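This report refers to the structure that appears directly beneath it.
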Amino acid sequence: GYVENVGPGPDSQATDSTYGRASFRYTPTDDVEILARVGKYDLDVKGGGTFGYKRLGIMVADYGDGTAGRSIGGSPVYVNVRTGTDGVPDVTFPSGASVDLGRTVVQSDPYKIDTDFPETTKSDATEFSLEVNVDFDSVMFKSITSYDGYYSEPIDDLDKTSTLTTGVTTDQSVNITQDVETITQEFQLASNDDGDVSWVTGVYFLEDEMYELFDVNLVNANNLHAVTRNAWVDVNSKAVFGQVSWALSDTFTLTTGGRYTEDEKDFLQGDRCTAGPCDGPNGLKLTADIDGEKFDRFTWRVAGEWRLDENTLAYGSVATGFRSGGFTRKADDPATTKNEAIVSEEENISYEIGLKKELLDNRVRLNFSAYHTTIENQQVSTVNVIPGTVTGQASLDNAGETSSYGLELELQAMLTEQWFLMGAFAYNNAEYDEYFTTGMSDIDGHASFDDALDGVIDGRVDLKGNKPPRAPELTASLSAG
């Protein structure tokens with residue numbers, strides 16, 4: 001629903017967006033085709049804040065131990081508050097625990113907020129691609145060139161209130177700016193005949209440059225930048241790939257393929273410098289300087305298709321995958337020998353079998369598949385404590401191992417010449433087989449939320465057996481038209 005701002009800041013999610021795209025096709029001869037595409041996107045959101053979500057007040061919780069406070073645990077209730085405390089409880093939970101959130105609770109309606117900072121999200125994107133296809137009779141040549149540019153500057157009212165308390169530095173804003181440019185080039189050669197063997201091979205190149213600014217500004221303290229972190233990442237990637245499909249009989253086709261990828265990445269990070277040496281760019285304190293970090297892997301796939309009859313196709317495959325390693329904003333911990341800014345590459349192997357069946361003169365199609373996937377060093381988003389502080393920061397981490405298995409069922413049916421029915425059902429069992437992460441302390445001085453999960457007070461938690469985010473166990477859909 002609509003969220004009203006009762007303070008001087010903008011209402012939530014007032015959005016202006018513009019998108020345009022154009023395509024051009026030119027055929028100088030019967031054997032040559034040139035395709036060009038260009039697109040432009042602009043977005044301006046007022047009240048969306050840094051992460052683009054619709055905020056419904058501030059969450060506070062009952063810890064169940066006679067105390068209460070702002071938290072990610074317990075029994076939550078959403079309110080909007082003035083900052084500072086006056087010793088008078090503002091919210092009381094059924095357990096009797098109460099919390100003093102400020103001199104007055106401004107709004108108990110979650111669809112009203114009270115902020116003063118002009119929260120905005122401004123972003124724009126430009127895309128261009130050029131594709132050239134040349135037919136050499138039995139062989140087809142293809143060249144694909146692309147450029148993508150992206151800029152985003154979201155700003156958030158970090159303290160979530162429009163009122164300051166005397167002597168307390170609380171009016172805060174946060175800005176996370178990103179500027180990215182990517183250029184890619186791919187060349188392909190592919191078979192172009194009706195023989196028993198078909199193939200494709202090619203090379204791929206990528207150059208990527210990214211800049212990111214993370215800035216927390218204490219507005220009423222003469223614009224003191226409490227946290228200013230700048231990061232630059234350069235990526236050069238190259239790959240060679242190939243795939244062959246061989247019709248061994250009228251009913252069976254075998255496909256094999258492979259790809260070798262090599263990425264070289266540079267990472268430079270600098271924080272606001274309060275004490276020397278200020279040896280980073282623009283007078284920043286250098287916190288990470290990594291040149292030429294390489295991630296490379298060969299991945300492959302083997303698949304078979306069986307035509308059981310003219311209406312039934314069975315298939316199976318085994319494939320490996322690779323997600324290149326990279327870097328994170330995570331601060332380096334001097335107590336370890338590992339460079340905390342480096343995130344390891346992710347690898348997986350997956351097995352799949354399936355069946356496709358057409359019924360009733362091809363008016364009904366049923367698709368069934370079952371799969372199992374194991375992921376090593378899965379890259380996951382998390383919150384880690386900055387060494388030597390109780391401050392958390394978003395970062396990228398590696399889970400030791402994740403596995404998932406499941407099945408999918410799809411139905412497509414033409415009920416009449418005008419009406420169709422589509423349905424889908426999926427079951428997915430995914431969990432971490434091995435994943436230790438560092439703890440995140442509660443701001444009210446309670447035991448770490450992570451320590452409370454496993455009962456071990458060590459600032460870290462064993463997440464083995466937990467489900468990864470965005471991996472629902474059951475999904476289903478049904479549509480008709």
Side-chain angles (χ1 to χ4, degrees), residues 1-27 33-57 110-133 143-158 160 162 172-186 205-217 219 228-235 237 326 329 381 394 470 477 479 481:
Y2 180 73
V3 178
E4 177 189 359
N5 193 345
V6 298
D11 293 332
S12 182
Q13 299 292 301
T15 303
D16 291 320
S17 63
T18 304
Y19 179 72
R21 185 173 184 179
S23 300
F24 306 91
R25 181 175 182 265
Y26 176 54
T27 54
E33 178 188 48
I34 301 174
L35 300 171
R37 303 178 181 89
V38 62
K40 179 68 175 177
Y41 175 72
D42 288 290
L43 175 68
D44 186 357
V45 180
K46 294 180 174 61
T50 303
F51 303 104
Y53 52 72
K54 184 178 293 185
R55 181 169 55 250
L56 300 180
Y111 289 94
K112 291 184 179 181
I113 60 176
D114 180 20
T115 64
D116 58 346
F117 202 83
E119 297 181 307
T120 58
T121 300
K122 295 180 181 293
S123 61
D124 64 79
T126 302
E127 57 185 22
F128 171 79
S129 67
L130 179 66
E131 180 178 330
V132 179
N133 297 299
S143 169
I144 304 173
T145 307
S146 72
Y147 167 84
D148 288 282
Y150 174 77
Y151 179 83
S152 176
E153 186 178 3
I155 301 174
D156 195 39
D157 189 335
L158 193 59
K160 320 302 183 192
S162 65
Q172 304 176 18
S173 67
V174 60
N175 176 357
I176 302 178
T177 297
Q178 290 185 328
D179 191 357
V180 185
E181 287 189 332
T182 305
I183 298 174
T184 67
Q185 176 63 58
E186 182 174 343
F205 304 94
L206 174 145
E207 289 188 1
D208 185 88
E209 296 181 352
M210 188 202 78
Y211 166 74
E212 181 181 86
L213 167 67
F214 176 76
D215 181 66
V216 177
N217 186 15
V219 179
T228 299
R229 174 160 292 174
N230 294 256
W232 295 262
V233 178
D234 293 336
V235 179
S237 178
R329 289 193 300 264
S381 297
R470 296 177 293 278
S477 66
S479 61

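This one's a predicted model, so the numbers in the text were calculated from it and none came from an experiment. In this chain, residues are counted from 1 in sequence order.
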Residues in salt bridge (Lys or Arg N to Asp or Glu O under 4.0 Å) contact with Asp124, at least two apart in sequence or another chain = Lys40
Apply side chain to side chain donor-acceptor pair (under 3.5 Å) to Glu207 and list each qualifying residue two or more places apart in sequence or on a separate chain.
-> none
Mind checking what makes salt bridge (Lys or Arg N to Asp or Glu O under 4.0 Å) contact with Glu153, not counting sequence neighbours?
-> none
Residue pair Pro154 / Thr121: nearest heavy atoms and the distance that separates them = CB-OG1, 3.8 Å
Starting at OG1 of Thr126, measure out to CD of Glu181 and round the result to the nearest 0.5 Å.
-> 9.5 Å
Value rounded to 0.5 Å, distance of CD in Glu131 from OG in Ser143 = 8.5 Å
From CD (Glu127) to CG (Asp148), nearest 0.5 Å | 6.0 Å
For Tyr211, check ring-ring contact (aromatic ring centres under 6.0 Å, His included) against everything at least two apart and list the hits.
-> Trp232
Could you go through the side chain to side chain donor-acceptor pair (under 3.5 Å) check for Thr27 and Glu33 one step at a time?
-> CA-CA 5 Å; Thr27 54; Glu33 178 188 48; over 6 Å; no
Name all residues meeting the salt bridge (Lys or Arg N to Asp or Glu O under 4.0 Å) criterion together with Arg470; count only those two or more places apart in sequence or in a different chain, and write none if there are none.
-> none
Pair Asp179-Thr177, side-chain donor/acceptor within less than 3.5 Å = no
What is the minimum heavy-atom distance between Ser152 and Tyr150, and which atoms define it?
-> CB-OH, 3.2 Å
In chain order, what residues pass the side chain to side chain contact (heavy atoms under 4.5 Å, CB included) check against Tyr41, with sequence neighbours excluded?
-> Ser17, Tyr19, Leu43, Ala125
